[in-house]
Amino acid sequence: MNTLFATDYSIVFNKNAFPVLNHFLDENKYSKIFILVDENTSELCLPEFLPHLSTEIPFEIIEIESGEIHKNIQTCTEIWSVLTELGADRKSIILNLGGGVITDLGGFIAATFKRGIDFINIPTTLLAMVDASVGGKNGVDIGVLKNQIGTITNPKMVVIETEFLSTLPQRQMRSGLAEMLKHGLIADQEYWNLFQDLSQLDLSDLDALIHKAIVIKNQIVQQDPTENGIRKALNFGHTLGHAIESYFLENHTKSALLHGEAIAVGMILESYLSLEQNLIHPENYLQIKNTLKSLFGTVEISDNDRNSICELLIHDKKNEYGKVQFVLLDGIGNVKLNQEVLTTVIMSAFEDYKS
Ligand code: GLY
């Protein structure tokens with residue numbers, strides 16, 4: 001699969017990936033390499049990765065506990081301290097080996113340590129491959145509120161090795177699929193159509209589907225790296241999706257949803273909003289709802305839940321002047337940005353989602 005070029009870094013795939021990484025590390029004469037992992041990637045991915053790392057540069061491994069609840073400033077403080085104790089300097093580089101928590105957190109740590117050191121993302125989950133590792137967004141949560149603190153700082157390279165997915169649980173794979181479907185809905189109807197008959201989908205095509213998802217994301221980010229316009233399209237499904245994810249995280253009577261699971265609900269709800277604004281046809285809406293429900297099922301959301309979820313919308317990062325701004329579909333494969341929607345319509349979206 002072809003290497004992709006972003007503004008100032010490359011995204012390398014499978015057999016090309018590790019030789020290019022090794023060459024890059026040596027060419028840039030880094031003083032030390034820090035490999036950031038969590039408990040899962042330490043056990044399952046690090047043993048796969050280390051034999052490919054061929055360099056004279058000394059390296060250290062920094063391991064954190066797994067899970068979104070550790071994506072916070074306290075974990076950053078601990079890692080900044082460890083980097084200091086281990087003698088990291090401005091010529092050090094961090095390799096983020098993990099899912100979205102590791103690439104978001106590691107990117108933020110690198111972007112801020114000594115005012116910025118280099119980092120490379122080596123995503124090991126589908127979600128991190130097709131979304132989190134590409135485009136330079138990094139950050140941490142405040143409590144259950146997602147990604148409230150962070151920067152947009154590009155990695156020096158993104159290394160996609162799809163072999164890592166062989167150890168990924170089915171539920172995590174599905175979570176990543178949600179972002180791939182989103183890329184089709186916002187920018188490429190043909191790509192979306194590929195997912196209409198999952199029984200016809202050959203999993204040996206997965207690498208090509210991943211590559212295409214990254215092509216779509218990369219094209220959008222390159223047009224608008226700092227998210228003043230079209231990059232907001234990537235937030236389709238995330239306004240309500242993030243609020244749902246946060247609500248399920250903070251509510252101890254509920255099991256937490258994976259990011260893609262919450263975003264799948266958000267995409268159905270925000271497609272309903274698009275329908276109500278006459279931006280998509282009823283048959284488009286039904287197709288989106290049926291496709292996503294057949295993959296993700298229906299999450300139980302009571303009337304009380306939805307009121308609390310709507311209260312969380314005030315924290316959405318796209319809000320302007322205190323107003324919630326949605327990205328809505330404008331047909332399949334196109335979007336309309338900065339759309340305000342009446343609360344009554346949002347409530348109807350939740351009502352329709354149940355059916
Ligand atoms: N995950 C959305 C973005 O990178 O803009």
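The figures that follow rest on heavy atoms only: side chains count, while hydrogens, waters and symmetry mates do not.
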Exercise for the section: Kindly determine whether K232 and N338 satisfy side-chain hydrogen bond (donor to acceptor under 3.5 Å, both in side chains), including the steps that lead there. Expected result: CA-CA 9 Å; K232 291 181 191 173; N338 305 327; 3.0 Å; yes
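- Residues I120 and V158 form no side-chain contact, since every pair of their non-hydrogen atoms from C-beta on lies 4.5 Å or further apart.
- For C310 against I346, the heavy-atom pair with the smallest separation is SG-CG2, 3.9 Å.
- Within 6.0 Å of CD on E163 lie no more than 12 heavy atoms contributed by other residues, nucleotides or ligands.
- No close placement of the H242 and H315 rings is indicated, their centers lying 6.0 Å or farther apart.
- Annotation: H281, atom NE2; neighbour count of heavy atoms from other residues, nucleotides and ligands within 6.0 Å does not exceed 12.
- Between the side chain of D104 and the main chain of K71, no donor-acceptor pair closer than 3.5 Å is present.
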Practice task
Under the side-chain hydrogen bond (donor to acceptor under 3.5 Å, both in side chains) rule, what do N28 and D118 come out as? Steps first, then yes or no, please.
Solution key: CA-CA 10 Å; N28 284 280; D118 289 355; over 6 Å; no
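- The aromatic rings of Y285 and Y272 lie perpendicular to each other, with more than 60° between the two planes, well past the 30° mark.
- Residues D188 and H183 have side chains not in contact (no heavy-atom distance under 4.5 Å, counting atoms from C-beta outward).
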Handout entry: Step-by-step side-chain contact (heavy atoms from CB on, under 4.5 Å) determination, F326 to K336
Key = CA-CA 8 Å; F326 286 93; K336 262 200 149 75; over 6 Å; no
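- Expressed to the nearest 0.5 Å, how far OG of S255 lies from CG of L249 amounts to 11.5 Å.
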Practice task
Kindly determine whether F24 and Y30 satisfy side-chain contact (heavy atoms from CB on, under 4.5 Å), including the steps that lead there.
Solution key: CA-CA 10 Å; F24 179 87; Y30 288 106; 3.4 Å; yes
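- Checking each of N284, D352, T298 against K289 for a side-chain hydrogen bond (donor to acceptor under 3.5 Å, both in side chains) leaves exactly one that passes, namely D352.
- In this structure, the separation between CG on L126 and OG1 on T162 is 10.0 Å, given to the nearest 0.5 Å.
- Within the 6.0 Å centre-distance limit, the rings of F195 and Y191 are counted as a close aromatic pair.
- The environment of CD in E43 is sparse: at most 12 heavy-atom neighbours from other residues, nucleotides or ligands sit within 6.0 Å.
- Side-chain contact annotation: T55 with D26, donor-acceptor N/O pair under 3.5 Å present.
- Checking side-chain atoms of N319 against main-chain N and O of L313 turns up a donor-acceptor pair under 3.5 Å.
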For residues 127-145, which side-chain N or O atoms pair as donor and acceptor with protein atoms under 3.5 Å away, sequence neighbours left out?
| residue | atom | partner | partner atom | Å |
| --- | --- | --- | --- | --- |
| D131 | OD1 | K217 | NZ | 2.7 |
| S133 | OG | A128 | O | 2.7 |
| K137 | NZ | E227 | OE1 | 2.5 |
| N138 | OD1 | T151 | N | 2.9 |
| N138 | OD1 | T151 | OG1 | 3.3 |
| N138 | ND2 | T151 | O | 3.4 |
| N138 | ND2 | T151 | OG1 | 2.7 |
| D141 | OD1 | N147 | N | 2.8 |

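- Using a 4.0 Å cut-off between charged side-chain N and carboxylate O, D8 and K156 make no salt bridge.
- Looking at D305 and S308, their side chains never bring a donor and an acceptor atom within 3.5 Å of each other.
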Handout entry: Working for side-chain contact (heavy atoms from CB on, under 4.5 Å), residues I79 and I64
Key = CA-CA 9 Å; I79 299 174; I64 62 166; 3.6 Å; yes
Practice task
Please test H259 against K146 for side-chain contact (heavy atoms from CB on, under 4.5 Å), starting from the C-alpha separation and ending with a verdict.
Solution key: CA-CA 10 Å; H259 179 68; K146 305 261 305 168; 4.1 Å; yes
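- Taking a cutoff of 4.0 Å between a charged side-chain nitrogen and a carboxylate oxygen, K254 and E300 do not qualify as a salt bridge.
- In this structure, the separation between OG1 on T124 and CZ on F49 is 11.5 Å, given to the nearest 0.5 Å.
- Note: S246 OG to L312 CG = 6.0 Å, rounded to the nearest 0.5 Å.
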Exercise for the section: Check the pair S302, N304 against side-chain hydrogen bond (donor to acceptor under 3.5 Å, both in side chains), reporting the backbone distance first and the verdict last. Expected result: CA-CA 5 Å; S302 70; N304 271 345; 5.3 Å; no
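- A side-chain donor-acceptor contact under 3.5 Å links S274 to the backbone of L329.
- Using modelled atom types and a 3.5 Å distance limit, the side chains of H238 and E179 yield a donor-acceptor pair.
- The number of heavy atoms from other shown groups lying within 6.0 Å of CD (E283) is above 12.
- When side chains are defined from C-beta on, F113 counts as touching T84, because their heavy atoms get closer than 4.5 Å.
- A donor-acceptor pair is defined here as one N or O able to donate and one able to accept, closer than 3.5 Å; no such pair exists between the side chain of E48 and the backbone of L44.
- Remark: side-chain polar atoms of S355 are not paired, donor with acceptor, to backbone N or O of E351 under 3.5 angstrom.
- Side-chain N or O atoms of N72 include one that pairs as donor or acceptor with a backbone N or O of Q74 at under 3.5 Å.
- In this structure, I314 and V324 have side chains that are not in contact, with every pair of non-hydrogen atoms separated by 4.5 Å or more.
- Within a 6.0 Å sphere centred on CD of E340, heavy atoms belonging to other residues, nucleotides or ligands number more than 12.
- Between the side chains of T291 and Q196, a donor-acceptor pair is found at a separation under 3.5 Å.
- Contact check on D89 versus K91 returns no salt bridge, with no Lys/Arg side-chain nitrogen under 4.0 Å from an Asp/Glu carboxylate oxygen.
- We find that K323 and E320 are not joined by a salt bridge, their nearest charged nitrogen and carboxylate oxygen being 4.0 Å or further apart.
- With hydrogens and angles disregarded, no donor-acceptor distance shorter than 3.5 Å links the side chain of T125 to the backbone of G99.
- Looking at heavy atoms from C-beta onward, I152 lies out of side-chain contact with P225 at the 4.5 angstrom threshold.
- Residue F108 comes nearest to C76 through the heavy atom pair CD2-SG, 3.7 Å, listed as atom of the first residue, atom of the second, then distance.
- In this structure, K29 places its NZ atom where only 12 or fewer heavy-atom neighbours from other residues, nucleotides or ligands lie under 6.0 Å away.
- Taking CD from E65 and CG from D38, the interatomic distance works out to 10.0 Å, rounded to the nearest 0.5 Å.
- Under the 4.0 Å criterion applied to side-chain N and carboxylate O atoms, K212 and D205 are not assigned as salt-bridge partners.
- Although no hydrogens or angles enter the test, the distance criterion places a donor-acceptor pair under 3.5 Å between the side chain of E270 and the main chain of L240.
- When atom types are taken as modelled, the side chain of E261 and the backbone of L258 share a donor-acceptor pair closer than 3.5 angstrom.
- Taking 4.5 Å as the limit, some side-chain heavy atom of L86 sits within range of a side-chain heavy atom of F34.
- Here the two rings, on H211 and F13, have centers that are under 6.0 Å apart.
- Although no hydrogens or angles enter the test, the distance criterion places a donor-acceptor pair under 3.5 Å between the side chain of D224 and the main chain of G229.
- The line from CZ of F350 to CG of N307 is 9.0 Å long, rounded to the nearest 0.5 Å.
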Just distance, no hydrogens or angles: give the donor-acceptor pairs under 3.5 Å from side chains in residues 56-63, sequence neighbours left out.
| residue | atom | partner | partner atom | Å |
| --- | --- | --- | --- | --- |
| E60 | OE2 | K32 | NZ | 3.4 |
| E63 | OE1 | S42 | OG | 3.0 |

